[in-house]
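Just below is one structure, and these are the notes that go with it.
Order of the sequence lines fixes the chain letters, A, B, ..., with proteins taken first and strands second; residue numbering starts at 1 for each chain.
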There are 2 protein chains.
Amino acid sequence: MNRNSRKEELLRAASLVVARSGPATLTLDAVAAEAGVSKGGVLYHFPTKEGLILAMIEGEISTFEKLVEEGVAADSRAPGAFARAYVRATVAGMSGNGDGGFCGVAAAFANDEAILARYREQTAAWRARFLSDGLTPGKAEAIRIAADGLWYAAVIGAALPDVEGLIAFEAELLSLAGVGKRKNTKVKA
Amino acid sequence: MNRNSRKEELLRAASLVVARSGPATLTLDAVAAEAGVSKGGVLYHFPTKEGLILAMIEGEISTFEKLVEEGVAADSRAPGAFARAYVRATVAGMSGNGDGGFCGVAAAFANDEAILARYREQTAAWRARFLSDGLTPGKAEAIRIAADGLWYAAVIGAALPDVEGLIAFEAELLSLAGVGKRKNTKVKA
DNA sequence: ACTACTATACCGTCCAGCCGGTATAGTATA
DNA sequence: TATACTATACCGGCTGGACGGTATAGTAGT
């Protein structure tokens, strides 16, 4: 099998393990079993567990970032465009796939604080972007933290809004960000 | 030393370990060392690690709940009173002590999903309370998740608002909840 | 004598990482 | 086109350390 496709398969398997059984159960053996590969095979592609988790985080960040940038492009009405895209990307990532998209961060948190550095600097960058989005600081922080809070709640298993609640939640944050008209409707459903 | 005061000392030590070095480093040995007690001493009070973490969570919940109830009592103007108290309690718990007050939940998350059940049912209860607070569902969910998000961000080490940002964040959520006049000002500073 | 520990030794399990080996595919050479 | 060699991808057993928990013997205060 192709090198990169196998790597991505392993990353997906790792996320699945975290999503299904919690970050404490993310062992190399579990990933191997989930992917139908031996432990040696996992270590061939990711020489250390830290490397595996780091790759998970990197993938999650870039996936999310891509979604956000698409949203910004589709809605560039001046103030709050980034905030709106961020909210939409978060909510979309929530209802979309079951595993969320946060398993790498969860795994890092549970396994080794040091690995979180990458995620932490990313949140700082997003915060800066929020603060220069033309909103008041209060709105910027509130929207960012509410959106992130939804992620965190999903990962930890805290109570989540039901379907209508989620829609209302999104609408509330969008109205806080000033409802920019969207150029088109790329995001499905 | 008194039984209960020692127990609380151990709980504080455990929280400190989590806050300082992350939930992955919460071992019985680490707690013992932090509290200046032998490992046997820790196991005397908490026969299992699970019991220790559960006690941490229980303490955190009851501390927070007490803060909220005080806030509700001080501000019982009809709609949004609970939401306002919840927000105030969250922000107060943030700026107050360094360790936050979330270490037990973090430890449970990192160590064993099963222990989180207690916290999960609590969040469901809080959610129900939010939804019957006289606000629109969107506002209720947004405020709750934003407040929780602040906790989560602090624990995971994600970017946080600076001091003025935190004040603005709180004001924003309070205004979403409808700024109830407070009967008195029990909460310091 | 009972409570609340200390100190130390130990057991069993789990797990990351290592290592020797293998199967397969491709390439060079003759 | 047969042989020799190499790289890639993976297998699976092993080891060493960490950690939860047990056990035991002893001690200081009350």
Original post:
Distance from A/Arg6 atom CZ to A/Glu9 atom CD, nearest 0.5 Å?
Top reply: 5.0 Å
Subject >> Flag, side chain of A/Glu60 to backbone of A/Cys103, donor-acceptor distance under 3.5 Å >> reply: yes
Original post:
Reckon A/Arg6 has a side-chain N or O less than 4.0 Å from the OP1 or OP2 of D/dT8?
Top reply: no
Original post:
Just how far is it from atom CG of B/Leu176 to atom CD1 of B/Ile143, taken to the nearest 0.5 Å?
Top reply: 5.0 Å
Original post:
Rounded to whole angstroms, how far apart are CZ on A/Phe46 and C1' on C/dC18?
Top reply: 19 Å
Original post:
Counting side-chain heavy atoms from C-beta on, which of C/dT6, D/dC10, C/dC5 comes nearest to B/Ser38?
Top reply: C/dT6
**OP:** Produce a footprint string for nucleotides 16-23 of chain D: one letter per nucleotide, 5' end first; B if the base is under 4.0 Å from any protein heavy atom, S if only the sugar-phosphate is, - if neither.
**Re:** ---SBBB-
**OP:** Identify whether any heavy atom of B/Val37 sits under 4.0 Å from a base atom; if not, whether one sits that close to sugar-phosphate; answer base, sugar-phosphate or nothing.
**Re:** sugar-phosphate
Original post:
Relative to each other, are the rings of A/Phe109 and B/Phe109 parallel, tilted or perpendicular (30° and 60° limits)?
Top reply: tilted
Subject >> D/dC10 phosphate, OP1 or OP2, under 4.0 Å from A/His45 side-chain N/O >> reply: yes
Original post:
Is B/Tyr44 near enough to C/dA4 that one of its side-chain N or O atoms lies under 4.0 angstrom from OP1 or OP2?
Top reply: yes
**OP:** Find the distance A/Glu9:CD to D/dA9:P and express it as a whole number of Å.
**Re:** 14 Å
Original post:
Roughly how many Å is it from CG in A/Leu52 to P in C/dC15, rounded to a whole number?
Top reply: 15 Å
**OP:** Answer yes if the ring centres of A/Tyr119 and A/Phe102 are under 6.0 angstrom apart, and no otherwise.
**Re:** yes
Original post:
Got a second to check how far A/Phe130's CZ is from A/Thr123's OG1, nearest 0.5 Å?
Top reply: 11.5 Å
